[in-house]
There are 2 protein chains.
Amino acid sequence: MTQENGTRKRRGSGRATIHDVAKVAGVGSITVSRYFKQPDTVSEALRERIRSAVSALNYVPNLVAGGLASTHGRIIGMVIPNISGPIFANTIQSFSDVLTAHGYQLLLASSYFSEAQEERAVRTFLGWSPAALAVTSQYHSKATGQLLASANIPVVETWDYAPRRKHIQVGFSHTEVGRQAARYLLGKGYRRIAFVQNSVASDESAIDRRDGYAEVMREHGLKPWMFIPTAATPFEAGKQAMEALALRQRGAAEAIIFANDNLAASAILAGQRAGIRMPEQCAIVGFGDYAMSSMLLPSLTTIRPPAKEIGEIAALRILESLGETPLSGRLQRLNLLACELVERESA
Amino acid sequence: MTQENGTRKRRGSGRATIHDVAKVAGVGSITVSRYFKQPDTVSEALRERIRSAVSALNYVPNLVAGGLASTHGRIIGMVIPNISGPIFANTIQSFSDVLTAHGYQLLLASSYFSEAQEERAVRTFLGWSPAALAVTSQYHSKATGQLLASANIPVVETWDYAPRRKHIQVGFSHTEVGRQAARYLLGKGYRRIAFVQNSVASDESAIDRRDGYAEVMREHGLKPWMFIPTAATPFEAGKQAMEALALRQRGAAEAIIFANDNLAASAILAGQRAGIRMPEQCAIVGFGDYAMSSMLLPSLTTIRPPAKEIGEIAALRILESLGETPLSGRLQRLNLLACELVERESA
DNA sequence: TTGTAAGCGTTATCAG
DNA sequence: CTGATAACGCTTACAA
């Protein structure tokens with residue numbers, strides 16, 4: 001590679017380095033480094049010279065080199081079941097926004113509720129010497145657990161909250177969500193209440209919700225009634241559940257709790273088509289409060305997870321662990337958040 | 001820092017390095033490097049020894065160091081207006097999935113349709129020596145343009161397609177989308193057709209859609225009728241547009257094209273509440289085909305952008321530019337994609 | 001307040 | 001097929 005000055009370089013990106021800036025500014029390169037990291041420790045005179053050199057050369061600090069030298073880069077990895085689902089995007093967004101404001105960058109990967117994929121993602125992230133890691137839920141493969149434990153960096157588990165975990169947790173109790181839904185329906189007088197599980201079997205958190213439901217049912221002397229759809233898509237699965245539970249001749253469900261709003265929404269559409277009056281004939285409760293949920297007919301009563309808050313607080317907790325002083329003043333907030341039951345027409 | 005073997009190290013992460021592996025395996029470190037990069041060039045005997053050393057030490061290659069040494073890391077940055085919106089998530093997801101399958105990692109930042117934020121994100125990304133960069137739309141600040149031009153790496157502009165751009169483009173013509181909607185409604189016999197702009201004024205692509213609409217209207221000797229909501233939220237804006245355009249006593253709109261499905265959906269809800277029969281009294285066309293759109297009453301006729309394909313093809317184009325051999329066989333696909341008009345009940 | 005020297009953990013280069 | 005050596009661009013440690 002031939003450079004502008006005519007010399008040859010064997011390697012290098014061709015971009016201006018901190019040394020180039022230092023040379024132009026007539027200072028040592030470490031002073032340029034300080035100019036960026038701790039401007040206060042550099043005299044105003046030098047600062048000015050460095051400033052102009054930086055803009056003359058259009059210098060962009062090489063964060064890779066910086067990360068290597070300091071052994072802790074400003075990258076934070078996040079593994080999330082999926083990006084495009086309506087649930088997690090808000091968490092990613094707020095997580096990323098808070099981190100970006102503090103000069104950290106988000107490295108993202110999705111697991112699709114697969115422990116193997118999660119493990120692969122965590123392993124790769126670790127190769128980037130991240131400053132911290134965020135994962136979803138408390139359920140990981142054994143290897144992932146070891147990886148996280150030996151990483152020696154802050155780890156946050158989001159979207160869940162369980163006692164006695166060694167990592168920081170920011171989320172809520174899925175079991176409690178299941179209880180909440182069941183209690184709500186029982187309070188309304190329903191007794192024949194069914195629970196429809198997620199068509200994605202490896203969604204462990206959905207199983208926790210189911211368990212909370214079952215617990216409350218038993219407390220009330222009622223038998224839990226679980227339905228596991230066999231259909232592949234949530235859309236088909238919701239319809240299937242509706243046909244099996246609400247459209248039967250005898251002993252139809254008076255109320256159904258769905259593992260998520262996707263299932264509930266397709267159930268409402270199926271019910272509508274079949275002429276079922278909701279909630280009179282069959283009440284419906286979902287989980288997630290997706291954007292569509294308020295627009296259905298009947299609008300969907302559902303439990304709203306604090307998705308945005310989770311991302312925000314998770315980021316703040318990480319920043320604290322990293323010794324940063326977060327800009328936002330919301331530090332008092334707890335890590336265990338509550339879900340709000342949004343009462344609409346369907347139940 | 002005191003290490004396990006009792007020696008002291010001044011720096012370092014404490015994790016096993018390639019040298020540790022080499023020592024345990026009894027080979028040179030460069031051979032370990034080759035074991036990972038080009039296994040074929042290492043003899044089976046050494047491969048076996050390295051393999052066991054790697055697992056014994058639980059070695060994870062340090063990608064930061066690798067990126068520095070090779071001057072092109074395996075990171076790819078993407079700037080997208082927002083993560084949590086229903087539109088872009090699918091693009092991010094498929095983009096990330098393809099890249100991950102090829103050993104690249106996605107670094108994500110959102111611009112919120114702000115050129116300043118986009119510029120900041122691009123600048124930071126460049127500091128990570130990314131292998132490539134993806135941005136949204138053809139509209140950038142001047143500085144961003146220079147940054148991208150001088151980056152010397154593949155740059156993809158997504159979600160747009162315009163002639164004579166220097167970067168790779170993967171997307172569709174927003175102007176054509178505007179034309180498509182207008183022609184569809186004109187073909188149905190509507191004449192008093194209005195266009196409702198995005199409440200986010202800096203959404204340049206939405207302005208292109210409007211221009212396409214206006215162009216077709218003029219071709220048909222009709223006067224374009226633009227409405228700019230003043231309300232801050234899309235929900236309010238859609239309602240406001242409906243009141244201004246469809247609920248007026250005289251000269252109400254026969255059909256309305258909305259800049260996106262969020263606006264259209266809230267318009268449908270407002271219309272429903274006001275007792276407007278859609279499409280008889282007023283037809284509605286959206287853009288985006290969000291998940292909710294098929295569930296509205298009436299279900300929303302809208303134009304579906306190929307979000308997932310955009311991410312996928314953008315990733316494939318980048319891999320090609322990088323000299324990788326993409327796993328998927330979809331290389332024949334064009335970069336200029338079509339949007340499908342999804343005909344439902346509202347128009 | 002500023003500078004010098006020595007890494008950080010990997011890969012490109014060149015030599016065997 | 002294997003290895004020694006010198007970068008990559010920055011920051012830590014120490015010195016002035």
Side-chain angles (χ1 to χ4, degrees), chain A residues 1 3 7-23 25-50 54 57 59-75 126-131, chain B residues 1 3 7-23 25-50 54 57 59-75 103 126-129 131:
Chain A
M1 177 189 290
Q3 301 231 294
T7 62
R8 287 166 68 79
K9 276 187 82 177
R10 301 190 310 173
R11 289 159 59 165
S13 60
R15 275 171 31 202
T17 72
I18 204 170
H19 302 295
D20 299 329
V21 174
K23 200 179 294 173
V27 300
S29 14
I30 188 64
T31 306
V32 179
S33 174
R34 290 198 185 101
Y35 166 82
F36 284 106
K37 302 286 162 193
Q38 316 148 29
D40 306 335
T41 68
V42 177
S43 65
E44 174 54 31
L46 291 194
R47 270 200 304 238
E48 185 45 46
R49 274 155 59 191
I50 294 172
V54 164
L57 295 171
Y59 170 69
V60 178
N62 185 325
L63 300 171
V64 177
L68 177 59
S70 64
T71 66
H72 52 271
R74 296 183 77 82
I75 272 189
L126 253 19
W128 286 106
S129 306
Chain B
M1 177 190 289
Q3 300 232 294
T7 62
R8 288 165 69 80
K9 275 187 84 175
R10 301 192 310 174
R11 289 157 60 163
S13 59
R15 274 169 32 200
T17 72
I18 205 170
H19 303 296
D20 299 329
V21 175
K23 199 179 295 173
V27 300
S29 14
I30 190 64
T31 306
V32 179
S33 176
R34 289 196 186 103
Y35 166 81
F36 284 107
K37 300 288 163 192
Q38 315 148 29
D40 305 335
T41 69
V42 177
S43 65
E44 174 53 31
L46 291 194
R47 270 202 303 240
E48 186 44 45
R49 272 153 63 189
I50 293 172
V54 164
L57 294 172
Y59 169 69
V60 178
N62 185 327
L63 300 169
V64 177
L68 177 58
S70 64
T71 67
H72 52 272
R74 297 184 77 83
I75 272 189
L126 253 20
W128 285 106
S129 307

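In the text below, chain A, chain B and the rest are named by the order of the sequence lines, each starting its count at 1.
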Just the rounded figure in Å: distance from [atom2] of [N] to [atom1] of [X].
X        : N      : atom1 : atom2 : value
A:Gln38  : D:dT12 : CD    : C1'   : 11 Å
A:Ile30  : C:dA5  : CD1   : P     : 13 Å
B:Leu126 : D:dC10 : CG    : P     : 13 Å
A:Leu46  : C:dT1  : CG    : P     : 11 Å
A:Ile18  : D:dG9  : CD1   : C1'   : 8 Å
A:His19  : C:dT4  : NE2   : P     : 12 Å
B:Asn62  : C:dT11 : CG    : P     : 9 Å
A:Tyr35  : C:dG3  : OH    : P     : 15 Å

Item to check | Phosphate-side-chain proximity, A:Thr31 and C:dG3, N/O vs OP1/OP2 below 4.0 Å | outcome: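 True: A:Thr31 side-chain N/O within range (under 4.0 Å) of C:dG3 OP1/OP2.
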Checklist entry - Would you say C:dT10 has OP1 or OP2 under 4.0 Å from some side-chain N or O of B:Ser29? => result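 Checking C:dT10 against B:Ser29, no side-chain N or O comes under 4.0 Å of OP1 or OP2.
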Side-chain donor/acceptor of [X] to backbone N/O of [Y], under 3.5 Å:
X       : Y       : answer
A:Arg15 : A:Tyr59 : no
B:Arg34 : B:Pro39 : no
A:Ser70 : A:Gly66 : yes

Quick one: label [X] by what it contacts on the DNA or RNA (base, sugar-phosphate, nothing), any heavy atom closer than 4.0 Å.
X       : result
B:Asp20 : nothing
B:Val27 : sugar-phosphate
B:Tyr59 : sugar-phosphate

Which nucleotide in the list [options] gets nearest to the side chain of [X]?
X       : options              : result
A:Thr71 : C:dC8, D:dG3, D:dT12 : C:dC8
B:Ala69 : D:dC10, D:dC8, D:dC1 : D:dC8
B:Lys37 : C:dT2, C:dT11, D:dT2 : C:dT11

Next on the checklist: Both A:Ser33 and B:Thr41 contact DNA chain D. Which one's nearest nucleotide lies toward the 5' end?
Outcome noted: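 The residue mapped nearer the 5' terminus is B:Thr41.
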Checklist entry - Taking all non-hydrogen atoms of both residues, which atom of B:Ser129 and which atom of B:Thr71 are closest, and how far apart? => result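 Closest heavy-atom pair between B:Ser129 and B:Thr71: CB-O, 4.4 Å.
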Item to check | Test log, rule side-chain contact (heavy atoms from CB on, under 4.5 Å), inputs A:Ile50 and A:Thr31 | outcome: CA-CA 9 Å; A:Ile50 294 172; A:Thr31 306; 4.0 Å; yes
Item to check | Donor/acceptor link under 3.5 angstrom from B:Arg34 side chain onto base of D:dG3 | outcome: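 Check passes, donor-acceptor contact within cut-off.
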